[in-house]
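Whatever order the structure lists ligands and atoms in, that order sets their numbers, starting from 1. Everything numeric here is computed off the predicted structure, so don't read it as measured data.
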Amino acid sequence: MENMYRSLGIDRDVLAFGEAVCGELRQRFEEIDRTAEYNQLKVIGAMQSCHVSEACLGTTTGYGYNDLGRDKLEEVYAAIFHTEAALVRPLIACGTHALAIALFGNLRPGDEMISIAGKPYDTLEEVIGIRPGRGSLAEYGVTYRQVDLLPDGSFDIPGIQAAIGPKTKLITIQRSKGYEMRRTLSVGQIAEAIAAVKSVRSDVICMVDNCYGEFVERMEPSDVGADMVVGSLIKNPGGGLAPVGGYIAGTRECVENASFRMTCPGLGAEVGPSLGVNPAFYQGLFMASTVTASALKGAVFAANLYEKLGFAVLPDGKESRHDIIQAITLGTPEAVIAFCKGIQRGAPVDSFVAPEPSPMPGYDDPVIMAAGAFVEGSSIELSADGPMREPYNVYFQGGLTWPSAKLGILMSLQSMKEAGLVVLPEAE
Ligand SMILES: *Cc1c(COP(=O)(O)O)cnc(C)c1O
């Protein structure tokens, strides 16, 4: 084994340090595997109760009328998320697009939306109009308010209740931390916040940006009152096999409203070919629970490894997980770059290229992204990225298999060591 690692460029002291950390994680990994087992049963149960058949793996082109596989897959998603309906499409280009459709479909001029978990993900700023964006919700007369999380990362329940007014149509909660250094919200916390909102006005739509959270816990936000959960298929629920796509699961009304934005008024979900992706969407969903577990193991491993080396990590090595993201405060641009170069070196694709920080559409600061992925930009695959700004955090996620996640993390450490940015204890 050691020879295999050394042939890939991992030094003996890096491996020894990593193996020592791994040795302490058996119990954590067992818990992660039990959650994956639970969610795997949930997915298979949904596929069985919806009578998924071989015919569902076929496809349509053009208008996509009567696409059996597409419609059945949406039933399966609704069964998994325990919602009335779902929209799961390759025509939804990414997570931001799915969120934009959900917002534009359900908000009208004069309405107000409130983000109750602080500033939303960077790419949503232009959708909402927090930063000027052409065609933003702000341009259409939808106003925005924000209630920040408390310093300990929990919801400001009295602040949220006070913010809800007669114009409030929708509140949004981002489950994952995104590019913030805050705690990811648990489904339990989300339940409390939704209950608090509904106690003020039960007709306020509660939407959850579920990116990176799917299948990490046994319950989803839609199990605790969310009217809509929204995410990307090149993250957890695509299981690494979906080549593109996004989903919205929720009440029939919310999902239908979104569908009239995805295509256009009158056409909604009736139109939209599956273009050959049905097998990948089904099989990816089938794989998603264990793929998410592999990514979680990688995140827990990275947290423990870098914590031992004295870096601030969020979540820390011990705490429970509510998404697959691991943030590590590296403190300098050089360290962020070295870390990302290491992740890239550990990848199956493009391992020989070196990532550099650059401007990205939708992001305010230059971002460095390491990803040697089979699907471009897929972040359920081993990937790391960081906006080039203080305090120089790197956000690490993914890993289709645990051994590949482990290799990538060891390689990040190797790269940091080579750049003289970490000192490892002597190997025995
Ligand atoms: C990834 C992500 C998005 C946006 O998804 P894209 O697919 O990159 O457009 C939105 N919110 C959160 C929390 C995310 O992690």
Side-chain angles (χ1 to χ4, degrees), residues 87-104 113 115-128 130-131 133 136-137 146 149 153 172-187 189-190 207-216 220-221 226 228-240 242-248 258 262 284 292 295-296 299 314-315 321-327 359-365 367-371 373 375-387 393-398:
L87 202 57
V88 186
R89 302 287 172 119
L91 303 187
I92 300 177
C94 60
T96 307
H97 189 201
L99 289 156
I101 288 168
L103 291 170
F104 274 96
M113 68 172 281
S115 170
I116 65 165
K119 191 183 89 58
Y121 195 74
D122 289 45
T123 58
L124 283 175
E125 292 184 14
E126 282 175 85
V127 171
I128 296 167
I130 301 170
R131 275 187 286 137
S136 68
L137 285 162
Q146 181 175 310
L149 294 170
T172 181
I173 298 170
Q174 183 180 305
R175 179 175 175 182
S176 176
K177 68 176 79 58
Y179 287 153
E180 298 292 313
M181 205 59 178
R182 59 131 163 123
R183 288 205 148 63
T184 287
L185 297 159
S186 69
V187 173
Q189 285 176 294
I190 291 171
M207 170 174 124
V208 175
D209 174 350
N210 208 23
C211 280
Y212 290 128
E214 300 90 351
F215 302 125
V216 172
E220 298 291 340
M228 265 194 294
V229 288
V230 184
S232 163
L233 296 198
I234 62 168
K235 296 178 180 173
N236 309 14
V244 67
Y247 77 90
I248 300 166
M262 178 190 68
T292 300
L296 276 173
L314 192 73
R321 299 269 154 172
H322 309 292
D323 69 4
I324 63 167
I325 311 276
Q326 181 61 47
M360 295 280 298
Y363 295 87
D364 217 5
D365 297 290
V367 181
I368 181 165
M369 297 197 166
V375 172
E376 189 203 290
S378 166
S379 47
I380 187 61
E381 299 187 51
L382 187 70
S383 49
D385 37 50
N393 292 326
V394 75
Y395 299 82
F396 166 93
Q397 68 270 314

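Near ligand 1, C94, G95, T96, L99, Y121, Q174, D209, C211, Y212, S232, K235 each place a heavy atom less than 4.0 angstrom from the ligand.
Inspection of the Y212 and S379 side chains reveals an N or O donor paired with an N or O acceptor under 3.5 Å. A donor-acceptor pair shorter than 3.5 Å cannot be found between the side chains of R175 and Q189.
Not counting sequence neighbours, T172 has no partner by the side chain to side chain donor-acceptor pair (under 3.5 Å) test. Looking at residues two or more places apart in sequence or on another chain, you find a ring-ring contact (aromatic ring centres under 6.0 Å, His included) between Y395 and Y179. In this structure Q146 satisfies the side chain to side chain donor-acceptor pair (under 3.5 Å) test together with Y144, D148, sequence neighbours excluded.
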- Query: Can you list the steps and then say if L99 with M207 is a side chain to side chain contact (heavy atoms under 4.5 Å, CB included)?
  - Reply: CA-CA 9 Å; L99 289 156; M207 170 174 124; 3.5 Å; yes
